[in-house]
Amino acid sequence: MSAANSAALNTVPELPGKKMIKRSFLLILGKILRLGIQLAVVIIYARKLLYIDYGTYQSVWLYLNIMSVISLFGLPSLLLSNNYSNIINWIKHNKKNAVLAFIILSVLPAITFFIIINTFSFQLKILILLLTVVQNISILSEITALKNEADKKVFASNIFFSIAFLAAHLSILYFGYSLQLLILSLILIFFIKSIITFTRPKNKFTKDVENSFSVMGRQWFYLGVNDIAGVLATWLDKWLILLFLSVTQFAIYFNGAYEVPVFGLMLGAVGNIMLIEFSKNEGNDLEKIKLLFEKSSLLLASIVFPAFCFLLFYHSDFFLLIFSQKYIDSVPVFFVSIFILPLRITYTTTVLQVYHRSDLIVKGAVMDIVLAVILMFVLYPIFKMPGLALAFVLSSYCQFAYYLWHTSRLINKKISYFFPFKKLLIKMFLCLAVMTAGYFIFKNLPENTGLLSGIVLAALLAVALLFYDCKKENKA
């Protein structure tokens, strides 16, 4: 065993608690601000723009995210879970394949975008492609900084991005809305963000290079396919509406199916740290797996569960308060979509990825899409647009169970060994009980007063649960 791995194992008792919370807090704080600003922009633009302008604006992000994931093809995940030298060596030994793959993944999506999409002008298409490039550079720069534990740089970049993103959107809306000018501004913002987060790659963690090198190409392929499947699962329903219905219907469905981004953000931040820590000793420490899964899921559940229970009772009032009566048709879609939230408590693929079982991750992602498509054809004729959202909720639960099951098989332990079902059920029951009592107490209050009381109660419940978790951690 290498010295680096020995050192990593020696820090196991400290890792799941204080170190994870410390690193996660800084990353989550910066990203919460960033996504809070993005959510504010969504709300403002949804209220101020016409349906067709708002739908066109959101369609830019749809195509941008799809092309970005295809062109990156799993590289961010690969960087998080592998040694830089292994990646570089693999590229050097597979130059022809690497260059061919780069051309296909970069050029083919761009050509397809130009040929198929007729809703944008030629100039706007060029700008969207440039935005895709600078966004990809920004993503890789941030991943490198994160792996090098330059958390303060990542935090500073998110602060800058949040302020600049909001300023660009508000100023362009105020002085005269122009989608082309907005995209030009975003290109500049992403470029500056990349400069802020730039750090030189470091090979901090040593591994069995020969073993890692032998599976590098296969792992990279599976990660890329998984990322593409993931982005398809996220945008497929919206893309189908855009293709077969109208931009107006797309705008209505988009807002209803818009998942509150803070939960995915927190899950991503905690998941990245879990992945880095597992990769230090390739996930071979079962106690470390148990502690990281347990701490991460209970930590996030303390925030996610109160929010989910709040939305069960106040989803309509909350949604209309944000988007106004203009989007009342989106409420049924929103109600169905909130049932995805209980899954946002742990990163289920970390062990599979570190064990180089990306094939299982890909199978789960493909299963998710296939099942979602089948359910869409079954549920849409019955429930219309809410049926599309329900299809993806149900397929996501199946995928979640699939990954937990395969993780348990890999480590040869029952799921209950590393995933704290009982503790999570107790938290959920407690949150449901408190929010149910609060709802019946507040329901006779004036509409906005009752909603505000529910928000305050959910926030206090989350703080109390987090305080309990921290107090318990300190005792341990």
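Excluded from the calculations below are hydrogen atoms, water molecules and symmetry mates; all remaining heavy atoms, backbone and side chain alike, are included.
In terms of modelled atom types and a separation under 3.5 Å, the side chain of Ser453 and the main chain of Thr449 share a donor-acceptor contact. Between the Ser138 side chain and the Val134 main chain, no donor and acceptor come within less than 3.5 Å of each other. A donor-acceptor pair under 3.5 Å is formed between the side chain of Ser157 and the backbone N or O of Val154. At distances below 3.5 Å, at least one donor-acceptor pair connects side-chain atoms of Tyr403 with backbone N or O atoms of Ile361. With Asp53 contributing its side chain and Leu49 its backbone, the two residues share no donor-acceptor pair below 3.5 Å.
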Using the rule given for side-chain contact (heavy atoms from CB on, under 4.5 Å), can you reason through Asp237 versus Ile241, listing the C-alpha separation, both sets of side-chain angles and the distance that settles it, and then say yes or no?
CA-CA 6 Å; Asp237 51 343; Ile241 289 177; 5.7 Å; no
Please walk me through it: do Leu236 and Phe392 pass side-chain contact (heavy atoms from CB on, under 4.5 Å)?
CA-CA 10 Å; Leu236 181 60; Phe392 281 89; 4.0 Å; yes
Show your working on side-chain contact (heavy atoms from CB on, under 4.5 Å) between Met67 and Ile128 and close with a plain yes or no.
CA-CA 10 Å; Met67 289 191 294; Ile128 293 173; 3.8 Å; yes
Full working for side-chain contact (heavy atoms from CB on, under 4.5 Å) between Arg47 and Lys326
CA-CA 8 Å; Arg47 285 172 169 263; Lys326 178 180 177 181; 5.8 Å; no
Go through the steps for Asn255 and Ser330 under the test side chain to side chain donor-acceptor pair (under 3.5 Å), then give the verdict.
CA-CA 7 Å; Asn255 280 353; Ser330 302; 5.4 Å; no
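Here the straight-line distance linking atom CG of Leu430 with atom CG of Leu461 works out to 6.0 Å at 0.5 Å rounding. The CD1 atom of Ile139 sits 11.5 Å away from the OG1 atom of Thr144 when rounded to the nearest 0.5 Å. Here the NZ-NZ distance, from Lys290 to Lys295, works out to 10.0 Å after rounding to the nearest 0.5 Å. Distance check, rounded to the nearest 0.5 Å: CD1 of Ile44 to CG of Leu39 gives 10.0 Å. The distance from atom OH of Tyr327 to atom OH of Tyr54, rounded to the nearest 0.5 Å, is 5.5 Å. Atoms CH2 and OH, on Trp405 and Tyr402 in that order, are 7.5 Å from each other to the nearest 0.5 Å.
Crowding of Trp239 atom CH2: a count of heavy atoms from other residues, nucleotides or ligands under 6.0 Å not exceeding 12. Open room surrounds CZ on Arg409; 12 or fewer heavy atoms of other groups in view lie less than 6.0 Å from it. The number of heavy atoms from other shown groups lying within 6.0 Å of OH (Tyr51) is above 12.
Annotation: side chain of Asp329 is not in contact with side chain of Met385 (no heavy-atom distance under 4.5 Å). Contact check for Leu298 versus Pro420: side-chain heavy atoms found under the 4.5 Å cut-off. Between Phe161 and Glu142 there is no side-chain heavy-atom pair separated by less than 4.5 Å. Here the side chains of Leu465 and Phe305 are not in contact, with every heavy-atom distance at 4.5 Å or above. Put simply, the side chain of Leu343 reaches to within 4.5 Å of the side chain of Tyr397, judged on heavy atoms. Considering only heavy atoms from C-beta on, Leu388 stays 4.5 Å or farther from Leu375 through its side chain. A heavy-atom distance below 4.5 Å is not found between the side chains of Val60 and Gln58. With a 4.5 Å cut-off on side-chain heavy atoms, Leu300 and Thr346 do not count as touching.
The ring pair (Phe, Tyr, Trp, His ring centres under 6.0 Å) test with Tyr57 singles out one residue from Tyr63, Tyr45, Phe250, and that residue is Tyr45.
Salt bridge annotation for Glu294-Lys423: present, with a cationic side-chain nitrogen under 4.0 angstrom from a carboxylate oxygen.
The cationic atom of Lys427 (NZ for Lys, CZ for Arg) does not lie both less than 6.0 Å from the six-membered ring centre of Phe429 and within 45° of the ring axis. For the pair Lys48 and Tyr177, the NZ or CZ position fails the cation-pi test of under 6.0 Å to the six-membered ring centre and within 45 degrees of the ring normal. Taking the ring centre of Phe418 as origin, the terminal cationic atom of Lys413 falls outside the region bounded by 6.0 Å and 45° from the ring axis.
Nearest heavy atoms, Ala257 versus Ser337: CA-OG, 3.5 Å. In terms of heavy-atom proximity, Thr348 sits nearest to Thr407 at O-OG1, 3.7 Å. Smallest separation of non-hydrogen atoms from Asp368 and Ser395: OD1-OG, 2.7 Å. Taking both residues in full, the closest heavy atoms of Cys309 and Met428 are given as SG-SD, 3.9 Å, listed atom of the first, atom of the second, then distance. Residues Ser71 and Asn136 share a closest heavy-atom pair of OG-ND2, 2.8 Å. Summarising the geometry of Leu445 relative to Gly450, their closest heavy-atom pair is CB-N, 4.0 Å, with the distance given to 0.1 Å.
Looking at Ser141 and Thr197, their side chains do bring a donor and an acceptor atom within 3.5 Å of each other.
The aromatic rings of Phe165 and His169 sit tilted, their planes meeting at an angle between 30° and 60°.
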With a 3.5 Å cut-off and sequence neighbours excluded, list the donor-acceptor pairs that the side chains of residues 310-322 form with protein atoms.
residue, atom, partner, partner atom, Å
His315, ND1, Leu311, O, 3.2
His315, ND1, Leu312, O, 3.3

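Not less than 6.0 angstrom separates the ring centroid of Tyr347 from the ring centroid of Phe293.
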